[in-house]
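Sequence positions, counted from 1, serve as the residue numbers for this chain.
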Amino acid sequence: MIGSIVAVYWLQPVLPIRFSDFILPTLTLLLTILGWLFTRRPMEVEQQRTINQDRLAIFITLLIIVGLSLFRYVESDYRITASRPPSPLIIFLALAGFTGLVLLASKLLNRHLQQEEGQRKILTGLILLVVIIFVIVKSEPLATAVSGVWRRSTGQDVTLASPTNLAWLGFSFVAFRLIHTFRDRQTGLLPILSFREYLT
């Protein structure tokens, strides 16, 4: 699992938008965490047995993300990340915010997640989210527009915006694998998986 997490950052190519080659792999991992959270079966005894292992695995995943951001202080020749990562404090705060939002959403949606129909609707929403991201990344005009907005927010030249600015390593594969697990959960084919198994 740790090797898989590190590889997502290590294989991501350098991108011209500041910090994007760190943010995109991080989004891959966060989408995967969301995917697991909403495909798990919390009421099943087998799923409950893995809860401590799952919490540890999620904690390790988030810790590795923060740890990789420390490569900000390492010379470029020795970095695992494609370029200089953002500040570890910003990464920590962003991950804390993400965790808080996920916990809040889980609390609010808990009743729906325990019902098959409610979970089906939530998974349909997640499929739609992944498809929208996929269309944005793969559509030249949309990718260029997002690139322009992102460049503007980082103070970079907007006229250089292009779809190649969003060269998100392996997103097509990850998107289709996530959709596959969502559909399998909706149809009852997805086995009970620990977070480590799902992420790997």
What I'd like to find out is whether the side chain of Leu56 reaches to under 4.5 Å of the side chain of Asn52, using heavy atoms alone.
no
Checking Asp184 side chain against Leu189 main chain: does a donor-acceptor pair fall under 3.5 Å?
no
If you take all heavy atoms of Val8 and Leu169, which pair is closest and at what distance?
O-CD2, 3.9 Å
So, taking the atom named CZ in Phe182 and the one named CD1 in Ile127, what distance separates them when rounded to the nearest 0.5 Å?
7.0 Å
Which other residues belong to the hydrophobic cluster containing Val149, where Ile, Leu, Val, Met, Phe, Trp and Tyr are joined when side-chain heavy atoms lie under 4.5 Å apart, directly or via other members?
none
With side-chain contact (heavy atoms from CB on, under 4.5 Å) as the test, would you mind laying out the steps for Ile58 and Leu62 before giving the verdict?
CA-CA 6 Å; Ile58 290 173; Leu62 297 176; 4.1 Å; yes
Check whether the side chains of Thr81 and Trp10 place a donor and an acceptor atom closer than 3.5 Å, and report yes or no.
no
Between Arg151 and Gln156, is there a donor-acceptor pair closer than 3.5 Å when you use the side chain of the first and the backbone of the second?
no
Heavy-atom closest pair (Leu29 atom, Ile5 atom, distance to 0.1 Å) is CD1-CG2, 3.7 Å
Students should find that the hydrophobic cluster of Leu108, defined by side-chain heavy atoms under 4.5 Å apart, otherwise consists of Leu104
Side-chain contact, heavy-atom cut-off 4.5 Å: Ser76 with Arg84?
no
Under 4.5 Å between side-chain heavy atoms, counting indirect links through other Ile/Leu/Val/Met/Phe/Trp/Tyr residues: same cluster for Leu70 and Ile90 or not?
no
Does the side chain of Leu31 come within less than 4.5 Å of Val174's, by heavy atoms?
no
Sub-4.5 Å side-chain heavy-atom contact between Leu178 and Phe173:
no
All salt bridge (Lys or Arg N to Asp or Glu O under 4.0 Å) counterparts of Arg41, not counting sequence neighbours:
none
Please answer: with hydrophobic residues joined when any side-chain heavy atoms are less than 4.5 Å apart, are Val6 and Leu11 in the same cluster?
yes
For the backbone of Ile136 and the side chain of Ser139, can you confirm whether one donor and one acceptor N or O come within less than 3.5 Å of each other?
no
Would a single hydrophobic cluster contain both Ile132 and Val137, if residues Ile, Leu, Val, Met, Phe, Trp and Tyr are joined by side-chain heavy-atom contacts under 4.5 Å?
yes
So does Glu197 get a backbone contact from the side chain of Ser194, meaning a donor-acceptor N/O pair under 3.5 Å?
yes
Donor-acceptor pair, Gln47 side chain versus Leu193 backbone, under 3.5 Å?
yes
Hey, quick one: are Phe92 and Leu63 part of the same hydrophobic cluster, counting side-chain heavy atoms closer than 4.5 Å, chains of contacts allowed?
no
Using 0.5 Å steps for rounding, measure from the OG1 atom of Thr50 to the CD atom of Glu46.
8.0 Å
CG/Leu15 to CH2/Trp168 distance, rounded to the nearest 0.5 angstrom?
11.5 Å
If we only count heavy atoms from C-beta on, is the Lys138 to Val135 side-chain gap below 4.5 Å?
no
Could you pull out the closest heavy-atom pair between Ile192 and Glu44, with the gap in Å?
CD1-CB, 3.6 Å
Closest non-hydrogen contact found for Gln186 with Arg120 is NE2-O, 2.9 Å
Could you walk me through whether Leu95 and Leu30 pass the side-chain contact (heavy atoms from CB on, under 4.5 Å) check?
CA-CA 9 Å; Leu95 293 177; Leu30 297 182; 3.9 Å; yes
Hydrophobic clustering (ILVMFWY, side-chain heavy atoms < 4.5 Å, transitive) - are Tyr73 and Ile65 grouped together?
no
As an exercise, state the distance from CG of Leu123 to CG of Leu129, rounded to the nearest 0.5 Å.
12.0 Å
So Phe22 and Tyr9, would you call those rings parallel, tilted or perpendicular, with 30° and 60° as cut-offs?
tilted
Phe71: ring-ring contact (aromatic ring centres under 6.0 Å, His included) partners, not counting sequence neighbours
none
Using only atom types and a distance under 3.5 Å, with no angle test, would you say the side chain of Ser20 pairs donor to acceptor with the backbone of Pro16?
no
Before you tell me yes or no, could you show the steps for Asp54 and Trp36 under side-chain contact (heavy atoms from CB on, under 4.5 Å), namely the whole-Å CA-CA distance, both residues' side-chain angles and the distance that decides it to 0.1 Å?
CA-CA 10 Å; Asp54 295 334; Trp36 176 78; 3.2 Å; yes
List the residues meeting ring-ring contact (aromatic ring centres under 6.0 Å, His included) with Phe38, not counting sequence neighbours, and say none if there are none.
none
Taken in chain and number order and not counting sequence neighbours, the residues that satisfy ring-ring contact (aromatic ring centres under 6.0 Å, His included) with Phe59 are none
Indicate yes or no for a side-chain donor-acceptor contact from Gln12 to the backbone of Ala167 under 3.5 Å, with no hydrogens or angles considered.
yes
If you round to the nearest 0.5 Å, how far is CZ of Phe19 from CD1 of Ile91?
8.5 Å
Shortest non-hydrogen contact from Ala57 toward Met1
O-CE, 3.8 Å
Heavy atoms only: give me the nearest Thr181-Tyr198 pair and the separation to one decimal.
OG1-OH, 2.7 Å
Enclosure of Ile51 CD1 (heavy-atom neighbours >12, cutoff 6.0 Å):
yes
Walk me through it: do Phe98 and Leu103 pass the test side-chain contact (heavy atoms from CB on, under 4.5 Å)?
CA-CA 9 Å; Phe98 168 79; Leu103 291 173; over 6 Å; no
Nearest 0.5 Å please: distance from the CG atom of Leu199 over to the CD1 atom of Ile33.
7.5 Å
Thr200 side chain reached by Phe195 side chain, heavy atoms, under 4.5 Å:
no
